[in-house]
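Below is one structure, written out as structure tokens, with a few remarks after it.
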Amino acid sequence: MAALTKDRMTATREGTVISVPVKAATTIHGGSIVAKPASGRAAPATKAENLKILGRSEERADNSSGKDGDINVLVRRGVFRWANASGAGKIAATDIGADAYALDDQTVTKTAAGASKAGKILGVDAEGVWVETR
């Protein structure tokens, strides 16, 4: 396509909620961390490398008896409070500004080994860890 020679109306959308096809034989629980593995279909986050963490599921998506992409799940991007890991991976206030990594579909850790980046740590409190997912 050639460069513009006049003004144009460029479509826009907020991008905070996206609709993503769900992996076959998969259930994603509402409020969980949603990931995109190499298959390209949404799945619950797990401790695994090379996942793209998409955000928080806005709904339950039950594709347990379906094929790849039979249904979609709504995923919100933003800042969410997740459960904190225990032991050596536990996130502390001193980790604010560092990366958090997905341990499962509701828990984050500061340990990168074998895990995928969930986002930036923005806060830590008694309830969990605030992580920004973009």
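Numbering starts at 1 and runs along the sequence shown. All figures in this text were calculated on a predicted structure; none of them were measured in a lab.
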My understanding is that only residues two or more places apart in sequence, or in another chain, count here; which of them pass side chain to side chain contact (heavy atoms under 4.5 Å, CB included) with T5?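 Here no residue qualifies.
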
Residues in side chain to side chain contact (heavy atoms under 4.5 Å, CB included) with E132, at least two apart?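 Per chain and number, E132 pairs via side chain to side chain contact (heavy atoms under 4.5 Å, CB included) with V79, L122, R134.
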
Between T107 and V129, is the side chain to side chain contact (heavy atoms under 4.5 Å, CB included) condition met? List the steps. CA-CA 9 Å; T107 310; V129 182; over 6 Å; no

Could you tell me the separation between the [atom1] atom of [X] and the [atom2] atom of [Y], rounded to the nearest 0.5 Å?
| X | Y | atom1 | atom2 | result |
| --- | --- | --- | --- | --- |
| E58 | I18 | CD | CD1 | 11.0 Å |
| N72 | S19 | CG | OG | 3.5 Å |
| W82 | T109 | CH2 | OG1 | 15.0 Å |
| I71 | D68 | CD1 | CG | 11.5 Å |
| E49 | S116 | CD | OG | 7.0 Å |

Looking at K117, is its backbone amide N or carbonyl O close enough to the side chain of D99 to form a donor-acceptor pair, meaning the two atoms are under 3.5 Å apart?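 No; judged by distance alone, with no hydrogens or angles, the pair does not exist.
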
Checking the side chain of D125 only, and the main-chain atoms of G128 only, is there a donor and an acceptor separated by less than 3.5 Å?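 Yes, because the side chain of D125 sits within donor-acceptor range (under 3.5 Å) of the backbone of G128.
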
Minimum heavy-atom distance between [X] and [Y], given as atom pair plus value:
| X | Y | answer |
| --- | --- | --- |
| A102 | A118 | N-CB, 3.9 Å |
| A61 | V22 | CB-CG2, 4.1 Å |
| A35 | I53 | CB-CD1, 3.8 Å |
| I28 | V34 | CG2-CG2, 3.9 Å |
| V108 | A100 | CB-CB, 4.1 Å |
| A85 | L103 | CB-CD2, 4.0 Å |

Are side-chain heavy atoms of E59 and V73 found at a separation under 4.5 Å?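 Answer yes - side chains close enough.
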
Do the side-chain N and O atoms of D62 and T27 include a donor-acceptor pair separated by under 3.5 angstrom?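 Judged by distance alone, the side chains do pair up.
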
Which pairs with one or both residues in residues 33-46 pass side-chain hydrogen bond (donor to acceptor under 3.5 Å, both in side chains), sequence neighbours excluded?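 Checked against side-chain hydrogen bond (donor to acceptor under 3.5 Å, both in side chains) - neighbours excluded - no pair reaches residues 33-46.
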
